[in-house]
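Here is the structure we will look at.
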Amino acid sequence: MKTFAQKVRALVAKIPRGETLTYAEVARRAGNPGAYRAVGNILNKNRDPKVPCHRVVRSDGDPGGYAWGRKKKIIILKQEGAL
DNA sequence: CGTATGACGTGCA
DNA sequence: GTGCACGCCATAC
């Protein structure tokens, strides 16, 4: 039984380049549609270089947050063509 | 085990 | 349209 964090990281790592998923979407795919809160929390404490957490945005269209800086996140998305 | 936290989401003023 | 408050879940301490 993988922990929710493990599932989330695996899903985020599967996000194709140039595409973005919302925390709610990731949480839903992880099996816990109501744990979108935990998704952000997990990525925040478990920022893994193998996980493109910058491809995870909020449902409002806002970039959300980024452990390395929200601004940096936007730049990366722009470079990938997701923005 | 219980409390506090957070990169959210929705609702209401 | 903007701002504040509440609710929600998993993880950390």
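Note that the structure is predicted; figures quoted are calculated from it, not measured. Here is how names work: the chains are called A, B, and so on, in the same order as the sequence lines, proteins then strands, and each is numbered from 1.
- Contact check, N32(A) against dA10(C): a side-chain N or O comes under 4.0 Å of OP1 or OP2.
- Side-chain contact between N32(A) and K7(A) is absent, with no heavy-atom pair separated by less than 4.5 Å.
- One hydrophobic cluster holds both I42(A) and V51(A) under the rule that ILVMFWY side chains link at heavy-atom gaps under 4.5 Å.
- Counting non-hydrogen atoms under 4.0 angstrom, Y23(A) reaches a base of the nucleic acid.
- Considering only side-chain N and O atoms, N41(A) lies nowhere under 4.0 angstrom from the phosphate OP1 or OP2 of dG6(B).
- Picking from dA10(C), dT10(B), dG7(C) the nucleotide with the shortest atom distance to the side chain of D60(A) gives dT10(B).
- Put simply, the side chain of R37(A) and the base of dG7(C) share a donor and an acceptor less than 3.5 Å apart.
- Regarding contacts with the backbone of dA7(B), every side-chain N or O of R47(A) stays at 4.0 angstrom or more from both OP1 and OP2.
- Using a 4.0 Å heavy-atom distance criterion, A38(A) is classed as a base contact.
- Judged by closest nucleotide on DNA chain B, K45(A) is the one of K45(A) and A24(A) placed further toward the 5' end.
- Evaluated for a side-chain contact (heavy atoms from CB on, under 4.5 Å) with V56(A), the options V8(A), L11(A), I15(A) yield exactly one hit, I15(A).
- Contacts of I42(A) with the nucleic acid, taken as non-hydrogen atoms under 4.0 Å apart, involve only primed sugar atoms and P, OP1 or OP2.
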Set out, in order, the CA-CA distance, both residues' side-chain angles and the distance that settles salt bridge (charged side-chain N to carboxylate O under 4.0 Å, His left out) for K50(A) and D48(A), then state yes or no.
CA-CA 5 Å; K50(A) 297 291 189 194; D48(A) 196 310; over 6 Å; no

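- Not one side-chain nitrogen or oxygen of S59(A) sits closer than 4.0 Å to the OP1 or OP2 atom of dC8(B).
- Residue whose closest nucleotide on DNA chain C sits further toward the 5' end, between A5(A) and Y36(A): Y36(A).
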